[in-house]
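The structure under discussion appears below in the form of structure tokens.
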Amino acid sequence: SMSSASAYGNSATGFEDTFVRVTQDVKADEKCIKLTTELLQYARDQFNQKKVEIQQNLAAKNITELDVLWPGAGYNSIACGGNWEVLCLLE
């Protein structure tokens, strides 16, 4: 029986090929595009409704800078996109 790594030949190349293929699939997926667009707009709308309160809260706590570490491929994903969008709007 063949191991999963050898089934793909060079495991690094197999991973890279799979990553490229899956990334292209997501970028071309109409449902994913629609969801991402709608969710980022939702984040902008919600932020705009609370912008003054957020800014006042940060100022009251003397927070002048946010330092955030994002996953390499996930900063603007459906899972992280709303957070990313809000923090970008706070800049």
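- The distance from atom CD1 of Ile54 to atom CD of Gln46, rounded to the nearest 0.5 Å, is 9.5 Å.
- Between Leu90 and Leu87, some side-chain heavy-atom pair lies under the 4.5 Å cut-off.
- Nearest heavy-atom pair across Ala43 and Gly82 is CB-CA, 3.7 Å.
- Here the CD atom belonging to Gln24 is positioned 13.5 Å from the CG atom belonging to Asp29, to the nearest 0.5 angstrom.
- Both Leu66 and Val86 sit in one connected hydrophobic cluster of ILVMFWY residues. Membership requires side-chain heavy atoms under 4.5 Å apart, directly or through other members.
- Hydrophobic clustering keeps Val26 apart from Val20 (ILVMFWY residues linked when any side-chain heavy atoms are closer than 4.5 Å, directly or through intermediates).
- A donor and an acceptor atom, one from each side chain of Gln41 and Arg44, are located under 3.5 Å apart.
- Within the structure, side-chain hydrogen bond (donor to acceptor under 3.5 Å, both in side chains) contacts touching residues 54-67 (residues at least two apart or in different chains) are Asn57-Lys61.
- Between Ile33 and the options Leu35, Thr36, Thr37, a side-chain contact (heavy atoms from CB on, under 4.5 Å) holds for only Thr37.
- Under the 4.5 Å side-chain heavy-atom criterion for grouping Ile, Leu, Val, Met, Phe, Trp and Tyr, Phe47 is connected to Leu58 within one hydrophobic cluster.
- Rounding to the nearest 0.5 angstrom, the gap separating the CZ atom in Arg21 from the CG atom in Asp25 is 6.0 Å.
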